[in-house]
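Comments concern the structure below.
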Amino acid sequence: MTQLADSSRTLTTGAAAPAFLSEPVRLALRSEEDLLSVRHAVRTATLKVAFGIVDQTRVVTAASELARNAYIHGGGGTLLIEYPHQDGREGLRLTISDDGPGIANLEEALNDGFTTGGGLGHGLGGARRLMDDFEIHSTVGGGTTVTVTRGART
């Protein structure tokens, strides 16, 4: 983890950012209905890049967890779906952003069982395990952005 400023932290795991081939899709996360729209849009995106059922499930599950966090803890936000292409492989990159209170302790928030609500506490850590690349940037009082990427498996 790298400290960027007193109240801003970033954690990155995985490979460098790849180039993008297709136009990105942006969705609002403002209501329960938007959470359902996110699941459908991400499922459609996994089909577009020809993911198998296991990768489809991984990506949709991670997207659902992260979108729900942005909606519940961040007061809403946005999801950006992008289609990276690297080394002959297509993939999906999801960026979920909110302008909520931020996360004071990223390391603690990524631990299984940590929750500030009534959930099981598997959201951030679970999303990190489901995806190939995971990056989170959070500023206390300034919101959180999580970017996750999954490459195609042949």
Side-chain angles (χ1 to χ4, degrees), residues 1-18 24-32 34-46 49 51-84 86 89 91-153:
M1 184 173 76
T2 303
Q3 180 131 358
L4 299 176
D6 288 342
S7 63
S8 180
R9 297 175 180 266
T10 297
L11 176 71
T12 304
T13 61
V25 175
R26 188 175 304 274
L27 300 168
L29 303 170
R30 303 279 179 227
S31 68
E32 289 284 335
D34 291 341
L35 297 178
L36 184 59
S37 295
V38 162
R39 291 182 62 83
H40 289 298
V42 171
R43 174 74 68 192
T44 299
T46 65
V49 296
F51 280 172
I53 189 67
V54 172
D55 281 336
Q56 289 175 34
T57 302
R58 286 174 175 264
V59 174
V60 171
T61 300
S64 181
E65 291 289 342
L66 296 171
R68 182 163 292 285
N69 279 352
Y71 173 64
I72 291 173
H73 302 294
T78 59
L79 165 68
L80 178 65
I81 302 172
E82 298 173 292
Y83 299 90
Q86 181 177 17
R89 293 180 3 175
L92 283 179
R93 172 167 285 182
L94 310 175
T95 302
I96 297 91
S97 299
D98 67 59
D99 293 320
I103 302 169
N105 187 332
L106 287 177
E107 292 167 356
E108 184 178 36
L110 287 163
N111 287 330
D112 280 346
F114 177 80
T115 181
T116 57
L120 297 175
H122 297 298
L124 287 176
R128 180 172 63 173
R129 285 188 301 278
L130 290 169
M131 302 299 281
D132 294 328
D133 300 317
F134 180 95
E135 180 177 321
I136 183 168
H137 176 79
S138 192
T139 302
V140 174
T144 300
T145 298
V146 180
T147 302
V148 294
T149 306
R150 184 115 184 125
R153 300 285 185 238

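FYI, side chains are in, hydrogens and waters are out, and symmetry mates aren't considered; it's all heavy atoms of this structure.
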Are any side-chain N or O atoms of D98 and backbone N or O atoms of T144, one a donor and one an acceptor, separated by less than 3.5 Å? yes
Over all atoms of both residues, closest heavy-atom pair of P101 and G74: CD-CA, 4.3 Å
Of the options L79, T78, V42, I96, which is the one that meets L27 in a side chain to side chain contact (heavy atoms under 4.5 Å, CB included)? L79
Who passes side-chain contact (heavy atoms from CB on, under 4.5 Å) against D34, sequence neighbours left out? A28, R30, S31
What residues form a side-chain contact (heavy atoms from CB on, under 4.5 Å) with S37, not counting sequence neighbours? none
Separation between CZ of R150 and CG of L130, rounded to the nearest 0.5 Å: 7.5 Å
If the test is side chain to side chain contact (heavy atoms under 4.5 Å, CB included), which one of V59, V25, T95, T46 qualifies with I81? V25
Please round to the nearest 0.5 Å and tell me the distance separating atom CG of D55 and atom CG of D132. 7.5 Å
Closest approach of A63 and L94, non-hydrogen atoms and distance? CB-CD1, 3.6 Å
Does a side-chain heavy-atom distance below 4.5 Å link Y71 with V38? no
Between the OG1 atom in T44 and the CD atom in Q56, the distance rounded to the nearest 0.5 Å is 10.0 Å
The reported gap from CD in E82 to OG1 in T147 (rounded to nearest 0.5 angstrom) is 8.0 Å
Got a second to check how far R128's CZ is from L66's CG, nearest 0.5 Å? 12.0 Å
Quick check: closest heavy atoms across A45 and Y83, and the distance to 0.1 Å? CB-OH, 3.3 Å
Where do T149 and P84 come nearest, in terms of heavy atoms and distance? CG2-CG, 4.1 Å
Tell me the closest heavy-atom pair linking G151 and R89, and the distance in Å. CA-NH2, 3.3 Å
Nearest non-hydrogen partners of G91 and V49, listed with the distance: O-CG1, 3.8 Å
To the nearest 0.5 Å, what is the distance between CG (L124) and CZ (R129)? 10.5 Å
Any salt bridge (Lys or Arg N to Asp or Glu O under 4.0 Å) pairs touching residues 68-81, not counting sequence neighbours? E32-R68
Taking it one step at a time, do F51 and R58 satisfy side-chain contact (heavy atoms from CB on, under 4.5 Å)? CA-CA 10 Å; F51 280 172; R58 286 174 175 264; over 6 Å; no
